[in-house]
Every structure is written in structure tokens, then in C-alpha cells.
Amino acid sequence: MDTYGRLDVLVHNAASPDRGGRFATVDLAEWRRLMDVNLFGALTLTHSAIPALRDAGAGSIVFVNSMIVRAVQPNLGGYATSKAALMSAAHVLARELGPDQIRVNSVVPGWLWGPSVERVLRRRARDQGRSVEEQVAEITARIPLGVIPSSDDAANAVVFFASDLSSVITGQSLDVNGGEVFH
């Protein structure tokens, strides 16, 4: 606001990973922590941005979600639940903010090649004795396009939702996963 005098787009990309564990044995405080960051962090930021978006006369809110809402994995239930709640919140906000010409959409990335995925694969290589290359081959075998998308690919989807190219799109999600999961 100080630099441009208005707010046109809000992108929420913060998330906290799940520490893992099956529901029957997990400490529910971990699920609350994930909800606080992954859901209420996004909602708090969004709530504070609504007046400026309304003042601008229109706007776009983009939540970066996760493919885990499409393909739940064992031991990551808290993360999956928090991201599913964020998807539902995006739908509620799209309906409620639409009359103000504020669009709300979600980008739903799967694997995104970059430092965090490389760290996970290196850790698995160390713990499981499978090379990073073997793991990448295993992942890409499940992806019809045969590549792990980059963070730039997800950023392009965010830019699409932030731009006038999606001026009549709200309450929608765009999966960026090379076709690993169809929705």
C-alpha cells in the first residue's frame, strides 16, 4: 500500500509440513498447529487484505494448496486436513467476495522440483539406500508428462489467477502436477 497505493492481488504460499504419524497415535496438538499455520495463517492474512481489495474495486486472492488434497497419503493426515480446509475456505470466500469483484482461486501443485524436493530425496536416499535418480525415475513414471514440474510452473499458474486472463474465474483450482493426479 505504501509503495503502490492499492492492493490488487494477494498470494498466500506459506505452509508448515506435517511431522507425520497415524491419526490413532498422533498428538492432536500437531493437527492444531498445522491448522493454525496452513489454514488460519491464510485466513488471517486474507481477512486483513479484504478492505484494501474492496477499496481497489476488484482483486484476486490465490491460495497455494497441495496435491495432498487430491491424493491423501498415510502419516500426513494433519497436513492433508489443513490443506483441504483451505480449499473449502477458498470456495466459501469465492462465493462471499464475488459480489465485491474479488476472485478467490487455488493453485494445487504436486511435486515441484527444487531445493525442498531435493532435500527430501537426498534424505530418502540416505535412509532407504535408493539414489536420488532412482527416486526421480519412480516419481516421473507416475507423471504422464514425464517430468517433475518446477516452482516456475506453479508460479505461472499463480500469475494466471492473479492476472486479467482469469477475470471471470473464481472458486476454481488449477493442478500443477504434470498429470500425476487428475481432478
Side-chain angles (χ1 to χ4, degrees), residues 9-46 61-91 104-162 172-183:
V9 177
L10 170 66
V11 178
H12 185 274
N13 188 37
S16 181
D18 201 320
R19 293 185 183 129
R22 300 246 180 214
F23 179 77
T25 58
V26 74
D27 179 354
L28 288 179
E30 171 65 4
W31 281 42
R32 281 189 185 93
R33 182 189 70 79
L34 291 164
M35 290 297 239
D36 280 345
V37 175
N38 299 339
L39 175 63
F40 288 103
L43 294 179
T44 300
L45 181 63
T46 301
I61 298 169
V62 184
F63 293 128
V64 179
N65 209 298
S66 170
M67 189 172 72
I68 201 159
V69 301
R70 311 274 195 235
V72 176
Q73 299 173 24
N75 298 314
L76 298 175
Y79 184 70
T81 300
S82 68
K83 288 299 196 169
L86 181 62
M87 183 70 78
S88 184
H91 294 156
V104 184
N105 294 292
S106 300
V107 171
V108 185
W111 290 97
L112 291 181
W113 188 253
S116 61
V117 167
E118 290 180 73
R119 272 192 306 276
V120 167
L121 297 183
R122 280 196 306 275
R123 181 180 39 83
R124 284 183 184 173
R126 184 187 68 239
D127 296 346
Q128 300 172 4
R130 295 181 304 141
S131 73
V132 169
E133 293 76 17
E134 289 172 313
Q135 293 176 75
V136 168
E138 188 178 287
I139 293 166
T140 57
R142 296 188 308 259
I143 299 174
L145 293 180
V147 297
I148 296 174
S150 71
S151 55
D152 286 347
D153 294 319
N156 289 337
V158 170
V159 169
F160 168 71
F161 277 140
Q172 303 303 309
S173 57
L174 182 55
D175 291 19
V176 181
N177 62 37
E180 184 175 1
V181 173
F182 300 138
H183 179 70

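Nothing here was measured: the structure is a model prediction, and the numbers come from that model.
For the atom pair OG1 of Thr140 and CH2 of Trp113, the computed distance is 10.0 Å after rounding to the nearest 0.5 Å. In this structure, the separation between CD1 on Ile143 and CD on Glu138 is 11.5 Å, given to the nearest 0.5 Å. Between the CG atom in Asn65 and the NE2 atom in His12 there is a gap of 11.0 Å [rounded to 0.5 Å]. Between the CG atom in Leu86 and the OG1 atom in Thr81 there is a gap of 12.5 Å [rounded to 0.5 Å]. Between atom CZ of residue Phe40 and atom OG of residue Ser82 there is a gap of 11.0 Å, rounded to the nearest 0.5 Å. For the atom pair Thr25 OG1 and Asn75 CG, the distance stands at 8.0 Å (nearest 0.5 Å).
Heavy atoms only, all atoms of each residue included: Val69 and Ala80 are closest at CG1-O, 4.3 Å. Counting all heavy atoms, side chain and backbone alike, Phe161 lies closest to Ser106 at CE1-O, 3.3 Å. Here the shortest heavy-atom pairing between Pro17 and Glu30 reads O-OE2, 4.1 Å. The minimum heavy-atom distance linking Lys83 with Ala15 is given by the pair NZ-CB, 3.9 Å. Taking every heavy atom of both residues into account, Val104 and Ala90 meet most closely at CG1-O, 3.6 Å.
Counting non-hydrogen atoms of neighbouring residues, nucleotides and ligands closer than 6.0 angstrom, the CZ atom of Arg32 reaches no more than 12 such neighbours.
For Ala157, the side chain to side chain contact (heavy atoms under 4.5 Å, CB included) partners two or more places apart in sequence, or in a different chain, are Val107, Leu174, Val176. With sequence neighbours excluded, the residues satisfying ring-ring contact (aromatic ring centres under 6.0 Å, His included) with Phe23 are Trp31. Applying the side chain to side chain contact (heavy atoms under 4.5 Å, CB included) criterion to Val9, with sequence neighbours excluded, gives Val11, Ser60, Ala162.
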Distance-only donor-acceptor hits, side chain of residues 144-152, under 3.5 Å, sequence neighbours excluded:
| unit_1 | atom_1 | unit_2 | atom_2 | d |
| --- | --- | --- | --- | --- |
| Ser150 | OG | Asp152 | N | 3.2 |
| Ser150 | OG | Asp153 | N | 3.2 |
| Ser150 | OG | Asp153 | OD2 | 3.2 |

Acceptor/donor pairs from residues 118-129 side chains to any protein atom, 3.5 angstrom cut, sequence neighbours excluded:
| unit_1 | atom_1 | unit_2 | atom_2 | d |
| --- | --- | --- | --- | --- |
| Gln128 | OE1 | Arg130 | NE | 3.2 |
| Gln128 | OE1 | Arg130 | NH2 | 2.8 |

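Formation of a donor-acceptor pair under 3.5 Å by the Asp18 side chain with backbone atoms of Gly78 is found in this model.
Sorted by first and then second residue, the pairs that involve residues 61-77 and meet salt bridge (Lys or Arg N to Asp or Glu O under 4.0 Å), not counting sequence neighbours, are Arg70-Asp175.
A heavy-atom distance below 4.5 Å is found between the side chains of Met87 and Val108.
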